[in-house]
Amino acid sequence: MPENTILGNVTSDVISDQQFEYMRLISQIMQDRKRGDKPVAYIRTYGCQQNVADSERIKGMLEIAGFEFSETVDDADFILFNTCAIREHAEDRVFGNVGALKSLKRKHPQIVIALCGCMEQEHIANKMYKSFPFVSLVFGTHSLHRFPQLLYHTLADGKRVYERDNDDKKVYEGIPVKRDGTFKGWLSIMYGCNNFCTYCIVPYVRGRERSREKSLILDEARQMISAGYKDITLLGQNVNSYGKTLADKPTFAQLLHEIDSIDGDYWLRFMTSHPKDCSKELIDTIANGTHISKHLHLPFQSGSDRILKAMNRHYDRKKYLDIVNYAKEKIDGVSLTSDIIVGFPGETYEDFKETLSLIREVEFTSLFTFIYSPRVGTPAAKMDDPISAEEKSKWFRELLDVQEEIAAKRCASMVNNTEKVLIESETGKNGELSGRTSGNIIVELKGDKSLIGTFQNVKITQARNWILKGELV
Ligand code: SAH
Ligand code: SF4
Ligand code: F3S
């Protein structure tokens, strides 16, 4: 692809040769700084798959710079925390875990400790930079493509490097990737978010929405499929608005269909889908797909129209239920999952009951449930929030109880079915494996670990809450 292709209002750049030169220079410097036989990096990732995908690119660059990877900080020469800012709890964990590295750095001063990711919003980045003088490198999500250069300066100049860039008009291609999995993999199709839901920090830390060029996504999908990936998840904060920044405005349904047309034995998933842009065309594409999993993760956040409006979600309960009913009608055995926020500012028990009634009506297979966490800089953080934390926790537990009942009922209805299952891991219990159905439901079964990474037909024999038990057919 030529450099600086204009894609509508966003440009797509190939990572510069200069960055590869920095990777080479880092490898030279590390020969004198490493503690063991080879330079070792420890990367810890918090938050969503977007961050996981970013960490895989950081690992790709570090691998070219000669690093091996470790699961613990003990023997690491380079330690990086890729942070998440979505809720206070996520941030607290980062503060606690970075703080714990102080004594390691004192013992081995040549170690480089770095922070990146979504916590690099101005006020937090400043706080981290000040609170942790032993952290030598801090950079935000927009500087990922310049990571080799930043690390080189940290190593070569012996000064702390602090970089917060706001460059969200570009998509960077050609960054090397070292994927964590060999049969399950992430494929980013777009970055950023334009939706500004009033509770959410993501648009502030990830910048405006920008899509990757379709031909490059298709190339990467082909490479993954021929490398043996069996479960590929397309990533974006709102995949349904894919293509809007591209010159020829392809839709997400078109992209999905074109990837689905690639031959091979694999499943195709995507997340996250925003209900406001979820088209019938998309649901028809899933229904008619060959490889597309029969799973739709469609976060509704709240069942109350009043709260949805205050959240700036741009759909109401009726529109949500219309999409869900269309999906149920078209996609045989569709598995629906969602995200929910409990205790948004101003939410009453009456509003919350609307959320409960919606989950009863839809019968989700599983839910990701969160208690509202105020984020500095978002409009919701300034709204009146009279309900106590105890009360919100009570509602939250009520929600979990209702969902447990629904999930158990749904799982029980699958007993005696034969399902195609991707075997993913050992459960840790003697001779037991764990896998997932196309609808993303966990199935446990007896089998040999050589089956990990393969598709198997499994007869469902039992349902335990939201987990299925089965036998190889
Ligand atoms: N782009 C996705 C969501 C990404 S964040 C979408 O719009 O569907 C994942 C989930 O975190 C959100 O769906 C929401 O349920 C939750 N979340 C985001 N901000 C939050 C906050 N301030 N407090 C609690 N939960 C939050
Ligand atoms: Fe956050 Fe809303 Fe964007 Fe999702 S769509 S990332 S919840 S602002
Ligand atoms: Fe967290 Fe950033 Fe994802 S805030 S949820 S890691 S986009």
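The first residue in the sequence is number 1, and the count goes up from there. Each ligand, and each atom within it, is numbered from 1 in the order the structure gives.
Taking atom 9 (C) of ligand 1 as the reference point, the nearest protein heavy-atom neighbour is Asp339 OD2, 3.6 Å. The protein non-hydrogen atom at the shortest distance from atom 19 (N) of ligand 1 is Tyr199 CD1, 3.3 Å. If you check which protein heavy atom lies closest to atom 23 (N) of ligand 1, you get Ser373 N, 2.9 Å. Of the protein's heavy atoms, Thr272 CG2, 3.7 Å lies nearest to atom 6 (C) of ligand 1. Atom 16 (C) of ligand 1 has its closest protein heavy atom at Arg87 NH1, 3.3 Å. Looking at atom 14 (C) of ligand 1, its nearest protein heavy atom turns out to be Gln301 OE1, 3.4 Å. For atom 3 (Fe) of ligand 2, the closest heavy atom belonging to the protein is Cys193 SG, 2.3 Å. Of the protein's heavy atoms, Cys197 N, 3.4 Å lies nearest to atom 8 (S) of ligand 2. If you check which protein heavy atom lies closest to atom 5 (S) of ligand 2, you get Asn195 ND2, 3.4 Å. Remark: minimum distance from atom 1 (Fe) of ligand 3 to any protein heavy atom is reached at Cys84 SG, 2.4 Å. Of all protein heavy atoms, the one closest to atom 3 (C) of ligand 1 is Gln237 OE1, 4.0 Å. Looking only at heavy atoms of the protein, atom 5 (S) of ligand 1 is closest to Ile86 CD1, 3.6 Å. Scanning all protein heavy atoms for the shortest distance to atom 7 (S) of ligand 2 gives Tyr199 OH, 3.4 Å.
Note: Phe370 and Phe396 fail the aromatic proximity criterion, with ring centroids not under 6.0 Å apart. The ring of Phe344 has its center no closer than 6.0 angstrom to the ring center of Phe352. Ring centroids of Phe270 and Phe252 are separated by less than 6.0 Å, placing the two rings close together.
When each atom of ligand 3 is checked for a heavy atom of Arg206 under 4.0 Å away, the hits are 7 (S). Ligand 2 places these atoms under 4.0 Å from at least one heavy atom of Pro203: 8 (S). Atom numbering of ligand 1 starts at 1 in the shown order; those under 4.0 Å from a heavy atom of Tyr372 are 23 (N), 24 (C). Ligand 3 places these atoms under 4.0 Å from at least one heavy atom of Gln237: 7 (S). For ligand 3 and Ile86, the ligand atoms under 4.0 Å from any heavy atom of the residue are 1 (Fe), 4 (S), 5 (S). Atoms of ligand 3 found under 4.0 Å from any heavy atom of Cys48, numbered from 1 in the order shown, are 3 (Fe), 5 (S), 6 (S), 7 (S). Set against the non-hydrogen atoms of Phe196, the atoms of ligand 2 under 4.0 Å away are 8 (S). For ligand 3, the atoms lying closer than 4.0 Å to a non-hydrogen atom of Ala85 are 1 (Fe), 4 (S). For ligand 2 and Arg313, the ligand atoms under 4.0 Å from any heavy atom of the residue are 2 (Fe), 7 (S).
Between the side chains of Asn312 and Thr198, no donor-acceptor pair is found at a separation under 3.5 Å.
If you look at Phe370 next to ligand 1, the close heavy atoms, those under 4.0 Å, all belong to the side chain. Residue contacts with ligand 1, taken as heavy atom pairs separated by less than 4.0 Å, involve Arg313 solely via side-chain atoms from C-beta onward.
With atom 4 (Fe) of ligand 2 as the reference point, the heavy atom nearest to it among Arg206, Gln237, Met311 is part of Gln237. For the residues Cys193, Cys118, Gly192, Pro203, the heavy atom positioned nearest atom 2 (Fe) of ligand 3 is part of Cys118.
A salt bridge is defined here as a Lys NZ or Arg NE, NH1 or NH2 lying under 4.0 Å from an Asp or Glu carboxylate O, and Asp316 with Lys309 fails to meet this definition. Salt bridge status for Asp322 with Lys318: present, with a side-chain N to carboxylate O gap under 4.0 Å.
In this structure, Arg206 contributes its side chain and Thr141 its backbone to no donor-acceptor pair below 3.5 Å.
Both tests do not hold together for Arg375 against Tyr199: distance to the six-membered ring centre under 6.0 Å, angle to the ring axis within 45°. Lys102 forms no cation-pi arrangement with Phe132, by the criterion of a distance under 6.0 Å to the ring centre and an angle within 45° of the ring axis.
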Kindly indicate, with the supporting measurements, whether the criterion side-chain contact (heavy atoms from CB on, under 4.5 Å) is fulfilled by Ile340 and Leu399. CA-CA 10 Å; Ile340 295 175; Leu399 177 69; 4.0 Å; yes

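Here the closest heavy-atom approach between residue Gln254 and residue Glu281 is recorded as CG-OE2, 4.2 Å. Across all their heavy atoms, Ala114 and Phe78 have their closest contact at CB-CE1, 3.7 Å.
Asn195 pairs in a side chain to side chain donor-acceptor pair (under 3.5 Å) with only one of the listed residues (Lys276, Gln237, Glu209), which is Lys276.
A tilted orientation is assigned to the rings of Tyr349 and Trp395, their planes being inclined by 30° to 60°.
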